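It should be emphasised that the depicted structure is a prediction, and the values quoted were computed from it without experimental measurement. Counting convention: from 1, in listed order, for ligands and their atoms alike. We use all heavy atoms of the structure for the numbers below, so side chains are in, but hydrogens, waters and symmetry mates are not.
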Amino acid sequence: MSLQIYINGQFYDKENAKISVYDHGLLYGDGVFEGMRSYSSKVFRMQEHMDRLYESALAICLKIPISKEQMAADVNKTLQINGLVNAYIRLIVTRGAGSLGLDPNRTSDPQVIIIADSISLYPEEYYQNGLKIITASTIRNHPAALSPRIKSLNYLNNIMAKIEGLQAGCIEALMLNHKGEVAECTGDNIFIVKGGVLMTPPKDAGILEGITRNAILDLAREHGIPAQEITLTRHDLFVADECFLTGSAAEVIPVVHIDGRPIGSGSVGSTTSKLMKAFKTLVHG
Ligand code: PXG
């Protein structure tokens, strides 16, 4: 049986899961999304993902036609129908089909789409030996242009940064904010360890407040690792002992090189290893 895709409460074969070319999600990137993971058939931090999705929608004046509870139930149903246990879930809400003009009032029927599929993970080698990343010249959205806290369908500057990374032979790239401070990577949050203290940029540094990021901050607290949400510059990264990234897809992945410079010893650090293990236990527990 072909993969079943949810659109507005109905399921369609992957080949037949289609929406209008007049949808403002396509025409203007006018919509919001979430990327989630399920482990042993249970969505990790479902409530947090629902809260972030509905807040992103609220921020762009998009009214999601179903309740959070219904949405969560529909996510579970999509997993179930597809017999998926450990999966990646992409949830999309578009503004809906409208006229060829920006006016969101001339659209109707936001489209709610749920895709649950098997996950394509980063190669295991990166988890063992760590990533090399570069700093992209493309910055995160200026907060006065579009809040970087909105997980919108407009990901072009992150994609441009990703292209910069790929052209340099790196699968992730660091993005700074409009003040030149460290924000995050194109689809992952960033952490460093310095003198036994875990540090990550604060919510207002132009980041998406990652759900994995918050889980790592919780785990640090539980394991007695001092943690700070604090402004970081590239200098702080260059002199850090350890560095790692977090995201729903990547989970926790070490970084051992930035812009051609080794971080700390140039190999995966002990705090990073400890948190990688703790995260595995958390999601599989
Ligand atoms: N920053 C950005 C800009 C993101 O898009 C994260 C951080 C990590 O957040 P979570 O909540 O996942 O810990 C994200 C989300 C993909 C993919 O297919 C991943 C994200 C976004 C879009 C696509 O790998 N990560």
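For ligand 1, the atoms sitting less than 4.0 Å from at least one non-hydrogen atom of Lys151 are 4 (C), 5 (O), 14 (C), 15 (C), 20 (C), 21 (C), 22 (C), 25 (N), numbered in the order shown with element in parentheses. The ligand atoms of ligand 1 that sit less than 4.0 angstrom from a heavy atom of Thr212 are 10 (P), 13 (O). Heavy-atom contacts of Ala249 reach the following atoms of ligand 1: 24 (O) (cutoff under 4.0 Å). Which parts of ligand 1 touch Asn158 is read off a 4.0 Å heavy-atom cut-off, strictly below it: atoms 3 (C). Atoms of ligand 1 found under 4.0 Å from any heavy atom of Thr186, numbered from 1 in the order shown, are 3 (C). Short contacts between ligand 1 and Phe33, defined as distances under 4.0 Å to a heavy atom of the residue, involve ligand atoms 22 (C). The ligand atoms of ligand 1 that sit less than 4.0 angstrom from a heavy atom of Tyr155 are 2 (C), 3 (C), 4 (C), 5 (O).
Ligand 1 has an N or O atom lying under 3.5 Å from an N or O atom of Ser248, backbone or side chain. Residue contacts with ligand 1: Arg140 is placed with no nitrogen or oxygen under 3.5 Å of a nitrogen or oxygen of the ligand (distance criterion only). Any N or O atom pair closer than 3.5 Å counts here, and Arg213 shares no such pair with ligand 1.
Glu172 contributes a side-chain N or O that, together with a main-chain N or O of Gly187, makes up a donor-acceptor pair within less than 3.5 Å. At distances below 3.5 Å, not a single donor-acceptor pair connects side-chain atoms of Lys203 with backbone N or O atoms of Glu209. Under the 3.5 Å distance criterion, the side-chain polar atoms of Asn157 are matched with a main-chain donor or acceptor of Ile139. No donor-acceptor pair under 3.5 Å is formed between the side chain of Tyr22 and the backbone N or O of Thr107.
Protein heavy atom closest to atom 23 (C) of ligand 1, with residue, atom name and distance, is Arg90 NH2, 3.4 Å. Nearest protein neighbour of atom 16 (C) of ligand 1, counting heavy atoms only, is Tyr88 OH, 3.7 Å. Summary of contacts: the protein heavy atom closest to atom 2 (C) of ligand 1 is Glu184 OE1, 3.5 Å.
Around atom NZ of Lys274, no more than 12 heavy atoms belonging to other residues, nucleotides or ligands sit under 6.0 Å away.
Assignment of Met36 to the shell around ligand 1 is not supported, since no heavy atom sits closer than 4.0 Å.
Nearest to atom 6 (C) of ligand 1 by heavy atom, out of Gly247, Pro148, Gly187, Gly210, is Gly187.
Side-chain N/O atoms of Glu181 and Asn177 include a donor and acceptor closer than 3.5 Å.
Minimum interatomic distance between Tyr122 and Ala250 (heavy atoms only, all atoms of both residues): CE1-CB, 3.6 Å.
The pair Arg37-Glu251 meets the salt-bridge criterion, since a charged nitrogen lies less than 4.0 angstrom from a carboxylate oxygen. A salt bridge does not link Asp74 to Lys77: none of the charged nitrogens lies less than 4.0 Å from a carboxylate oxygen.
Each of Asp23, Asp103, Asp109, Asp30 was scored for a salt bridge (Lys or Arg N to Asp or Glu O under 4.0 Å) with Arg95, with one residue passing: Asp30.
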